[in-house]
Amino acid sequence: MRTSIATVSVSGTLPEKLAAIAAAGFDGVEIFENDLLACPLSPEEVRLRAADLGLSIDLYQPFRDFEAMPVPDLRRAAHKFQVMERLGADTLLVCSNVSPAAIDDDELAAAQLRSLAELAAEHGVRIAYEALAWGRHVDDYLHAWRIVRMADHPNLGTCLDSFHILSRGSDPIGIEAIPGEKIFFLQLADAPLLAMDVLQWSRHYRCFPGQGGFDLTGLVGNVLNAGYTGPLSLEVFNDHFRQADAARTARDGMRSLIALQQALGRTAHPAVPTGYAFAEIADTDALRGVLTALGFAPTGAHPSKPVQLWQQGDARLLLNATGDDPALISLGLDSPDPARAAEHAGSLLSPVLPRERAPEEAPLDAIAAPDGTEIFFCGTEWRGDFAPGGTVAGPITHIDHVALTQPWHHFDEAALFYRSVLGLRPQESLELPDPYGLLRSMAMSTAPGASTVPGTSTAPGMPAASTALGTPGVPTAPGTPAASGPGAAGGSGGRVLRLVLNLARVGAGDVPWQHIALACDDLLATARRLRAEHPELLLPIPGNYYDDLEARHDVDPCLRELGVLYDRDADGEFLHLYTVTLGRVFFEIVQRIGGYRGYGAVNAPIRLAVQHADGH
Ligand SMILES: O=C(O)c1ccc(O)c(O)c1
Ligand SMILES: [Mg+2]
């Protein structure tokens with residue numbers, strides 16, 4: 001389908017916007033009137049500029065407060081039509097009236113829109129009437145359509161905007177009853193699900209399809225079923241996008257439309273990863289000290305690169321001697337079909353990165369995530385390069401999750417990247433207080449819960465309350481069903497791949513933290529050993545935390561002594577602790593008991609405050 005985007009969706013001057021939009025591969029644009037008014041180029045020059053860039057001007061907008069007025073302002077309309085003729089734009093968006101002077105009379109609205117369409121016809125222009133969700137008398141798309149039908153003029157149709165439809169909770173199935181040729185234009189925007197004034201929501205929080213909580217694929221399916229053949233056009237008002245790099249925003253918008261069309265084609269994601277093959281960290285002596293204390297040991301070295309494999313259970317870390325400070329460089333993902341995964345990423349504008357490889361080394365394709373982390377699609381051959389001499393047994397079993405802090409203006413881009421390129425599903429976005437700001441945090445995973453992934457369900461008959469911590473003194477034996485919640489190795493289903501995206505505070509600088517959470521089967525024993533042997537490595541947790549925890553839950557007093565954090569949900573329990581930060585990286589050790597699905601978010605404010613006190 002043809003693709004288009006409103007100039008309001010990206011930052012810059014009109015010529016900069018057009019250049020960025022063309023570079024991202026769009027077919028056309030909606031020209032937002034303010035962008036033209038503030039531009040030194042004449043409409044003819046804008047027309048030429050767009051044509052030179054290969055862009056059609058699909059829509060001119062918005063024309064406000066026209067219909068159902070005591071006196072319709074046709075003079076203002078005639079002027080707009082002249083501008084449109086000079087621009088070479090053939091469709092004008094008229095949004096529903098918000099003026100207190102508007103009269104609640106559909107017949108009057110239809111009659112005046114009909115006269116507008118009559119005048120438009122003389123200029124070779126069409127009118128697309130859109131219901132704003134906050135319109136004074138018309139705020140619903142079916143109401144706008146009834147008025148268009150009543151006006152009955154070939155130059156008058158409706159403009160559907162997914163935000164206005166879905167923000168009001170309207171059912172988009174009604175679109176299928178509108179004749180396709182009367183849908184003159186389709187605007188697409190997603191948005192996070194927020195309970196707030198709809199105008200503020202629309203003007204500040206819209207985002208690209210797949211970045212928010214609306215079902216855009218379903219709505220576009222309804223529009224196509226109605227017979228619509230016009231462009232898919234993005235219209236996003238977003239405070240971050242207005243400030244971000246235009247080329248990057250436009251490319252992200254194009255990625256969202258490609259992903260949307262792939263979803264419409266009902267093609268399942270071709271290669272959802274099944275777990276972490278490795279995490280690669282820039283190496284230092286201090287990092288090796290911490291990993292040794294955690295029970296890791298080197299098991300192999302790369303033949304041509306300064307990279308060592310350190311391992312424990314199924315947790316594999318690659319230590320790369322090229323950096324100055326510990327920092328996460330790349331993630332290896334177990335992929336059922338690495339070649340298809342790389343091809344799919346390429347289709348979503350994430351091409352395989354050029355890489356040097358000796359002829360005898362295993363092929364391994366990587367792409368760049370928005371924050372620069374490299375993502376490798378791994379089979380099992382890569383391990384051969386390290387000639388590993390077997391794994392190291394220890395309390396740690398595998399990588400439970402990785403948390404990546406995103407620069408504040410790239411959070412939505414990262415969410416869409418992981419959703420579309422890797423097939424991860426986002427969970428609710430949380431806001432967590434930090435001593436110097438709010439941390440937005442969103443978990444994503446390959447499956448929403450344990451029970452939907454074969455081979456990883458919690459053993460039946462293991463109620464969460466019957467665990468070690470609900471019943472002080474009864475240890476949970478490693479390897480019992482209660483200790484192997486979602487994330488444990490599962491027969492055919494692999495692991496649930498979990499990733500947490502955190503939004504860096506504005507002002508946090510360009511050195512965001514990353515953390516790697518390691519799973520173990522007996523956190524208390526691990527904590528006990530670390531407290532005895534390496535207390536300096538553990539983040540100290542304030543006593544006030546335990547006073548409150550003990551008031552909320554009947555927990556083992558040893559949590560306090562060991563500095564272990566605790567959470568529970570309806571399905572199970574979660575024990576975790578953190579190491580101090582090295583460079584940009586810290587480690588978390590976690591134990592999931594029963595079917596606990598979260599990440600201990602309730603404890604994040606404590607952790608963040610202690611990390612600040614610790615100098616980070
Ligand atoms: O916020 C607005 O006023 C506005 C204007 C034009 C549109 O197409 C729209 O969806 C919203
Ligand atoms: Mg709109």
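Each ligand, and each atom within it, is numbered from 1 in the order the structure gives. Only heavy atoms go into these numbers, but all of them, side chains included; no hydrogens, no water, no symmetry mates.
Nearest non-hydrogen protein atom to atom 3 (O) of ligand 1 is Arg64 NH1, 2.7 Å. Looking only at protein heavy atoms, the nearest one to atom 10 (O) of ligand 1 is His164 NE2, 2.7 Å. Atom 7 (C) of ligand 1 has its closest protein heavy atom at Glu235 OE2, 3.0 Å.
Between the side chains of Gln200 and His204, at least one donor-acceptor pair of N or O atoms lies under 3.5 Å. A donor-acceptor contact under 3.5 angstrom links the side chains of Glu176 and Asn225, judged on distance only.
If you number the atoms of ligand 1 from 1 as listed, the ones under 4.0 Å from a heavy atom of Leu132 come out as 4 (C), 9 (C), 11 (C). Using a 4.0 Å cut-off to heavy atoms of Asp161, the atoms of ligand 1 that qualify are 10 (O). If you number the atoms of ligand 1 from 1 as listed, the ones under 4.0 Å from a heavy atom of Glu130 come out as 6 (C), 7 (C), 8 (O), 9 (C), 10 (O).
Of all the heavy atoms of Leu93, the ones lying under 4.0 Å from any atom of ligand 1 belong exclusively to the side chain. Of the heavy atoms in Arg206, only side-chain atoms (C-beta onward) come closer than 4.0 Å to ligand 1.
By the 3.5 Å distance cut-off applied to N or O atoms, Trp134 is not counted among the residues near ligand 1. Residue-to-ligand polar distances keep Ser202 apart from ligand 1: every N/O pair is separated by 3.5 Å or more.
Taking a 4.0 Å cut-off on heavy atoms, Glu30 fails to register as neighbouring ligand 1. Residue contact check for ligand 1: Phe163 places no non-hydrogen atom closer than 4.0 Å to it.
Closest to atom 1 (O) of ligand 1 by heavy atom, among Gln187, Arg203, Gln61, is Arg203.
The only option from Leu160, Leu188, Leu224 that meets the side chain to side chain contact (heavy atoms under 4.5 Å, CB included) definition with Leu219 turns out to be Leu188.
Considering only heavy atoms from C-beta on, Met84 stays 4.5 Å or farther from His123 through its side chain. Between Arg248 and Pro370 there is a side-chain heavy-atom pair separated by less than 4.5 Å. The shortest distance between side-chain heavy atoms of Phe81 and Glu122 does not fall below 4.5 Å.
Between Asp161 and Arg206, at least one side-chain nitrogen of the basic residue sits less than 4.0 Å from a carboxylate oxygen of the acidic one, meeting the salt-bridge criterion.
Within the structure, side chain to side chain donor-acceptor pair (under 3.5 Å) contacts touching residues 101-115 (residues at least two apart or in different chains) are Asp106-His143.
For the atom pair OH of Tyr228 and CD1 of Ile178, the computed distance is 12.5 Å after rounding to the nearest 0.5 Å. Taking CG of Asp35 as the start and OG1 of Thr7 as the end, the distance is 3.5 Å to the nearest 0.5 Å.
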> Between Arg597 and Asp569, is a salt bridge (Lys or Arg N to Asp or Glu O under 4.0 Å) present by the stated rule, with each step listed?
Replying inline: CA-CA 8 Å; Arg597 286 171 200 197; Asp569 65 13; 5.9 Å; no
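Shown here for Gln187 and Cys159, the closest heavy-atom pair between the two residues is OE1-SG, 3.7 Å.
With waters neither drawn nor counted, the protein N/O/S atoms under 2.8 Å from the Mg ion (ligand 2) amount to 4.
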